[in-house]
S.K.: 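Sharing a structure below in structure tokens format, with a few things to ask.
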Amino acid sequence: MERVIFTTLCSAFFFTNCVSGDYPKAQNVSWLSINFKTLLMWDPKPSNYSYTVEYSVIGQNRKKNQHCIRTMETECDLSNSLVDLKAIYSADVLSEPLRGVNSDRTEFPHTSSERFTPYEDTLIGRPEFKIEVSKDKRKITLYVEDPLTALFNEQNQQRTIRDVFADELQYKVTFGKATSTGKKTKISASSEIELDRSDVDPGVSYCFNVQAYIPSRRTDKQLGELSQRQCSPGDDKSVFEEYGIGVIATFILLIIIIIVVAIGVTVVCCRRRRNANRSGKEGVPLRSV
Ligand SMILES: *[C@@H]1O[C@H](CO)[C@@H](O)[C@H](O)[C@H]1NC(C)=O
Ligand SMILES: *[C@@H]1O[C@H](CO)[C@@H](O)[C@H](O)[C@H]1NC(C)=O
């Protein structure tokens, strides 16, 4: 009874406060999505209440994911719920009673997410790649492995980002000579990237970074994560290879001997001069020398 009166008062006077009266509203509701692995995340950890996530394509019926009903977690994996990759989704996080606890309320405090379109918004993770230098050393080929997504096809095989984006997927290579900081870039529509004489000097070691590039997306979502840097082997031998360890050891020994001799000579000279000074004009400051 008390509750009914409270609720009525609430709706009459403090409408906005009332909705979030019992349980705290979810905060910081945000999407975290990499390679179509899409999590909805929020704060804070619940104590004596739970969360339920509802999602929908904008303007359509809301749905629930069975793993995110009255949950004590603060994240919900919606990777396999957002089936239409090009649709615009929105989600709500509702603060509800604990599982098994009944409530006479029909409305619970909720927080809405930003809009999210998997195809446009998921971040593309760092690709792996292999480097191959042609026999005549005039051509370097990078074999990029299209990153796997969290999505599966009808045969239950994991789909790659190439399966999803097809022709819209390109790769951007950033590269430069291992010995310099200068950088060049090259865009490739294929996952097999060839760099020839117009890009690289033969026999020189180059270092490469690769990232996915989807020009059809909004500017700030076009580039994926940078790969690890990898370098091709070059011709230039190191000092050790060139001369061998024996020669270098001898060379170092020679330098040490020269230094020792130099120090010895200096010491002997100084002693002589000091002796000469002492026997001659004693007490004359060095400055006058
Ligand atoms: C929401 O995020 C901000 C910034 O990251 C953080 O300071 C705040 O504590 C978060 N809110 C909750 C309820 O955890
Ligand atoms: C939940 O716990 C907080 C503090 O522990 C308490 O103030 C609040 O009334 C509780 N809410 C419910 C619905 O039990």
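One-based numbering, in listed order, for ligands and for the atoms of each. Quick caveat: nothing in here was measured; it's all calculated off a predicted structure. All values below were derived from every heavy atom in this structure, side-chain atoms included, with hydrogens, water molecules and symmetry-related copies excluded.
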S.K.: Less than 4.0 Å between atom 4 (C) of ligand 1 and some protein heavy atom, yes or no?
M.R.: no
S.K.: Give the residue, atom name and distance (to 0.1 Å) of the protein heavy atom nearest atom 13 (C) of ligand 1.
M.R.: Q27 OE1, 3.2 Å
S.K.: Closer than 4.0 Å to some heavy atom of N28 - which atoms of ligand 1 meet that?
M.R.: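 Numbered from 1, ligand 1 contributes 1 (C), 2 (O), 3 (C), 8 (C), 10 (C), 11 (N), 12 (C).
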S.K.: So, K37 and D77, do they make that salt bridge, N to O below 4.0 Å?
M.R.: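 Salt bridge between K37 and D77, a charged N being under 4.0 Å from a carboxylate O: yes.
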S.K.: Just to confirm, does any protein heavy atom lie below 4.0 Å from atom 7 (O) of ligand 1?
M.R.: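 It does not: no protein heavy atom is found less than 4.0 Å away from atom 7 (O) of ligand 1.
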S.K.: Can you sort out the partners of R70 under side-chain hydrogen bond (donor to acceptor under 3.5 Å, both in side chains), two or more places apart, ordered by chain and number?
M.R.: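 In terms of side-chain hydrogen bond (donor to acceptor under 3.5 Å, both in side chains), with neighbours along the sequence ignored, R70 is linked to E96.
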S.K.: Enumerate, atom names and distances included, each donor-acceptor pair closer than 3.5 Å involving a side-chain atom of residues 135-143, sequence neighbours excluded.
M.R.:
unit_1 : atom_1 : unit_2 : atom_2 : d
D136   : OD1    : S134   : OG     : 2.7
D136   : OD1    : R138   : N      : 3.1
K137   : NZ     : D235   : OD1    : 2.7

S.K.: Decide yes or no for E225 and Q211: does some side-chain heavy atom of the first lie under 4.5 Å from some side-chain heavy atom of the second?
M.R.: no
S.K.: In terms of residue, atom name and distance, what is the protein heavy atom nearest to atom 12 (C) of ligand 1?
M.R.: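 The closest heavy atom on the protein side is D43 CB, 3.3 Å.
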S.K.: Testing F116, F152, W31, F165 one by one against F36 for a ring-ring contact (aromatic ring centres under 6.0 Å, His included), which residue passes?
M.R.: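 Only one of F116, F152, W31, F165 forms a ring-ring contact (aromatic ring centres under 6.0 Å, His included) with F36, namely F165.
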